[in-house]
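Quick note on labels: first sequence line is chain A, next is B, and so on, each numbered from 1. Since this is a predicted model, take the numbers as computed values, not measurements.
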Amino acid sequence: MLLYGTGEFPDWGDPYSPASVHLSNDYLEKAFDQTQVPNIVTAVLADYRGFDTMFETAVIFTAGLACFLLLRDFREKEERFYRHTATGVILHVKDSQKVLLVEREFEHMDKDWVPSDLIIRTVCRIIIPFIQIYGLYVIAHGDFSPGGGFQGGVILGSSLILLAISYNLKTLMRRVKEKILGIYAAVGVLIYVGIAVICMPMGGNFLDYSKLAPLLPSDPHHVRALGMLGVEIGVGIAVTAVMVIIYVNIVSAGRHDEGL
Amino acid sequence: MDNYPVLIVVVPLIAALLAGLAVWVEKRLSYPIALTGLALSTFCAVKVLMQVIATGPIQYKIAGWAPPMGIEYRIDLLNAMVLVIVSGIACLNLVASFESVSQETHDRTGAFYSIYCLFVTGLLGVTATGDLFNLYVLIEITSLSSYAMVALGDKDRGPLASLNYVFIGVIGASFYLLGVGYLYMQTGSLNMADVSLILAGHQGSSTVLTGFILCMVGLWIKMALFPLHVWLPNAYSYSPVAFSRAVAPLMTKVMIYVMIRLMITVFGYDYIFKTLHFSDAVVVLASIAILFGGVMALAQKNLKKMLAYIIVCEIGYMVGGAWMGNQLGMTGAILHILNDALMTFAVFLAVGNMVYKLKNVDLSNLTGIFGKMPWTMAGFVIAAFSIIGVPPTCGFFSKWYLIMAAFEKGAYHFAAALIISSLICAVLFFRVFEICFFPAVSPDHGELGHGESGHGELGHGKSDAHSPIQMEEAPVSMLIVSGLVSLSLIVVGLFSGTIVNTIILPFLK
Amino acid sequence: MTDLLALIAAKYNYWLYVILMMIGLYAMIAKNNLIKKLVGMNIFQTAIILFYVSIGYKRDATLPIIENVHGGHGSVIHAINYINPLPHVLMLTAIVVSVATFGVAMALAVRIYQRYQTLEEDELRMRLSEK
Amino acid sequence: MYWPIDLIVLTFVIFCAIAAITVKDLLATAILFGAYSFMMCLLWAVMGAVDVAFTEATVGAGVSTVFFVAAIFRTSRRTKD
């Protein structure tokens, strides 16, 4: 039946097929003038169809919340965890010693545990900051090149996951508290919704960035682009937090103590 | 303020986010935040309904872009009615579920409220939107949150039921998305009004036909029409009560609304009933669904599961009515969305009260409950009468329209199925009444043994503790909501003529 | 015969999407392991994304990012030179939705495994009927 | 678009898809699935959907695979089909 429908498809790549003529030309020809954003995909994503993207972020938030709700298991909070936080007072100075301490305690907790390689660890420690900078770049530069809040958020999230994989889960959870993650996930989406809602008392419709002009210290011509940037940052924060939440909950089956 | 249409959807979203924040800051705040959000949303919905009745359809351009480029909300009478139903029922349910949520989800109540608000946001957004793709995104929000909540229910079977629901739900949503893709390919637009304008010139195209069938199949999976219903009974009966009370009346009805919206607004009567020739087949399918739902309901031992099969049966009513192809049928189907939402809600409220007290609603466990929970059972009886279709209650009127439509069309099998299923429902509910009315025969509880062994033992101990008959009512908030909704069944029944004349007939014109 | 070949050659992307979708659907229906089913689900979703991206493609057109942003301000943008951006936007959303679903489904799988110590469907059914 | 490359990528996509659902080791499934996503991403990049390709590279080949491995770590590698 699917193939039956294929029979009348316009040829692949036909520039005059209805799909590429009706609406897309409007987007292509007007988007830059109206929004000052050269990447039309971002322009359409965050402005013309910004409402979709808002709910897309809500979907992500839902997923994080769902994973938390399904797997999080508060029962077995071990005292070990506190001991770790106690050792982690000094940062960066005695890094190797701190790691050694963690390792010794880990061996009796987790029977699948394998000593991790020094090379992997060092390399990861060096590249993680670069990955994070790249993630930030992708978020901020989404207007001009491929990328945007979502991709950048995923990159940031995966840099944190890499930290968990190369060291261990506790190292990650010590640096990024669960509470912080939960709050960031909600705040990220709230930034998006907040920007959208502020447009209403300013006299516009929901999400109408152009009405933000009086609030922003810049050329009113660029105000839509700035609005999109704000929104992308919100998306980035939410996605980063949610990716880590999902990973942490799955890998430790909700205990947040041991895991890959 | 002309921002009401979007506020209906956005306020619950903000409430969900704030409730999600409150999980980490101050747990007790989640419930009031969620309640306020839903109440505000109901207020906006009522405002919008009144405005629509007064001045005709409202169009709201999101982000200020003109429709085919931006997303628009277009609220007409049908939308506005469904919005009021959804937000009202969601809000009332939240009022009733404070106790049962803290009983069932322990340390995670805050997250539960947050995800509940997201669920409602999704349903409201699906109803309000005028954009095909936006609809898909919102359907996904709804489904994701319901996957999570189904899994929270029964410790043993909840996750498995939920995972099966995920598979089938994803197939359904993907079919819908694919159908939208076919339409987009033919028209180049995603706005419903715009698409329907362009489609008028492509009546015979096979791409449009495929797109139409894919959309419909996707929605049928989501609403659990007969051969595609397998996920529904398990998912509904293993979920926590607070959630099944919301999902049972709302989810399927909203999907039926979407189907009617696509049929009327996007494809149009002419295309469906004149160009295509399978509307009769769909009516036959609906008749089978009705009979099958009824028969399966008879075979169930658990009250919740029995009601889940009755939902399968009710879906048959509405699909059949909508595909009948005449005005009476459509009127009946739309009126039945309202009525069925209310009566399913009423009956699930009563069941929720029972679950709160008894934990386990196998039929064998319900003996003598009339004496213990008279108010709950009064609500249950009214709701049951409405489902059977006894005249003063609202269930009667929509069935009347549906039967008239079937006779007008000459679809006697559908009329027969309707009548038979009403009889089956009557038998079913009187059996339940009988069990509930008479107290357990003797202290030895010999008749409890034939329940499912594990559950039976549990129920056994429970009813032993309460064997002297005494009032064991559910909390007052639950009772008040239950009474209110049961009352509304009769009120809506008495005013159904008004509803049809002010809302449904002007819409169908 | 040549007609058919021409048809396939002109639309091979659509054929590919149908094939992938069937693979995904087959895995979801016929496989016994829940994680395999999840893979099938993901393949199914990617097939649909492929379909949308194929709709958007235009021959001899470039990426939907406007060139010469700063220099050529007065120049007219010809839509025919750029690929249709709308399907890309839709698919970004769809990918996000699919990864969200995937995450939740994985969480469910872990829950099921915790409870039953297996992910094979027939064994699960056996455990359920034992009770 | 240079057609031999295209053909190779297409073949790989289908090959990876079939392999991912047939191998009997779930960890191998995870890796093959990552490869499948990556091939898909190449295909989309060729078709000019750079944003989609970028997302698929980060999500499909990156994070999904990690979730996958995490879930397998918590469950089991063994499967009967």
Side-chain angles (χ1 to χ4, degrees), chain C residues 12-13 16 19-20 23-24 26-28 30-40 42-43 46-47 49-50 52-54 56-59 61-65 82-85 87-92 94-96 98-99 102-103 105-107 109-110 112-114 117-120 122-123, chain D residues 1 3 6-7 9-11 13-27 29-30 32-34 36-37 39-41 43-60 62-81:
Chain C
Y12 66 98
N13 262 42
L16 179 70
I19 293 170
L20 284 176
I23 292 174
Y26 163 76
M28 281 173 88
K31 288 291 166 180
N32 195 23
N33 187 294
L34 292 177
I35 297 218
K36 280 279 174 68
K37 286 190 168 202
L38 282 178
V39 176
N42 234 310
I43 292 175
T46 7
I49 298 172
L50 175 65
Y52 268 83
V53 172
S54 310
Y57 184 70
K58 280 188 221 169
R59 217 173 287 117
T62 180
L63 311 180
I65 296 175
Y82 294 97
I83 294 171
N84 182 358
H88 301 181
V89 174
L90 305 183
M91 283 315 103
L92 282 178
I95 290 179
V96 174
S98 79
V99 71
F102 190 68
M106 279 299 179
V110 172
I112 292 173
Y113 189 82
Q114 280 179 332
Q117 303 302 315
T118 177
L119 284 176
E120 306 286 321
D122 50 351
E123 289 176 22
Chain D
M1 197 146 115
W3 71 265
D6 202 31
L7 201 66
V9 174
L10 288 178
T11 326
V13 166
I14 293 184
F15 172 74
C16 287
I18 293 175
I21 62 167
T22 39
V23 289
K24 289 204 191 314
D25 178 358
L26 284 181
L27 210 52
T29 301
L32 279 166
F33 178 65
Y36 165 81
S37 294
M39 289 297 160
M40 212 54 166
C41 146
L43 195 60
W44 291 335
V46 168
M47 279 193 225
V50 270
D51 278 82
V52 184
F54 192 0
T55 317
E56 179 70 12
T58 52
V59 171
V63 171
S64 288
T65 315
V66 171
F67 288 168
F68 212 139
V69 174
I72 291 167
F73 177 73
R74 273 292 149 197
T75 59
S76 79
R77 268 176 85 161
R78 161 194 84 90
T79 170
K80 282 190 289 192
D81 57 6

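Taking CD1 from C:Ile95 and OH from C:Tyr52, the interatomic distance works out to 13.0 Å, rounded to the nearest 0.5 Å. One distance of note links CD1 of C:Ile49 with OG of C:Ser54; it measures 11.5 Å at 0.5 Å rounding.
Contacts with chain C were tallied for D:Ile14, D:Ile72, D:Thr75; D:Thr75 has the most, counting heavy-atom pairs under 4.5 Å. When C:Asp122, C:Ile23, C:Thr46, C:Val39 are compared by the number of non-hydrogen pairs under 4.5 Å with chain D, C:Thr46 comes out ahead. Contact count against chain C (heavy-atom pairs under 4.5 Å) is highest for D:Thr55 among D:Thr55, D:Val13, D:Asp51. When C:Met91, C:Glu123, C:Lys37 are compared by the number of non-hydrogen pairs under 4.5 Å with chain D, C:Glu123 comes out ahead. Contact tally against chain D (heavy-atom pairs below 4.5 Å) for C:Val89, C:Ile112, C:Asn32, C:Val99: the top residue is C:Asn32. If you tally non-hydrogen atom pairs under 4.5 Å between each of C:Val96, C:Thr118, C:Val110, C:Leu38 and chain D, the highest count goes to C:Val110.
C:Phe102 pairs by the ring-ring contact (aromatic ring centres under 6.0 Å, His included) definition with D:Phe68, not counting sequence neighbours.
In this structure, chain C has heavy atoms under 4.5 Å from both the backbone and the side chain of D:Val52. Residue C:Leu119 touches chain D through its side chain alone, counting heavy-atom pairs closer than 4.5 Å. With a 4.5 Å cut-off on non-hydrogen atoms, D:Ser76 touches chain C through its backbone and its side chain both. At a 4.5 Å heavy-atom cutoff, the contact between C:Ile19 and chain D is made by side-chain atoms alone. Proximity to chain C involves both the backbone and the side chain of D:Ile21, based on heavy atoms less than 4.5 angstrom apart.
Contact detail for D:Phe33 and D:Ala20: the closest heavy-atom pair is N-CB, 4.3 Å. Nearest heavy-atom pair, C:Leu20 versus D:Ala17, reported as atom, atom and distance to 0.1 Å: CD2-CB, 3.9 Å. Residues D:Gly60 and D:Thr65 come closest through the heavy atom pair O-OG1, 3.3 Å.
Applying the salt bridge (charged side-chain N to carboxylate O under 4.0 Å, His left out) rule to pairs touching residues 14-27 of chain D yields D:Asp25-D:Arg77, sequence neighbours excluded.
Counting heavy atoms from C-beta outward, C:Pro87 and C:Val53 have side chains that stay 4.5 Å or more apart.
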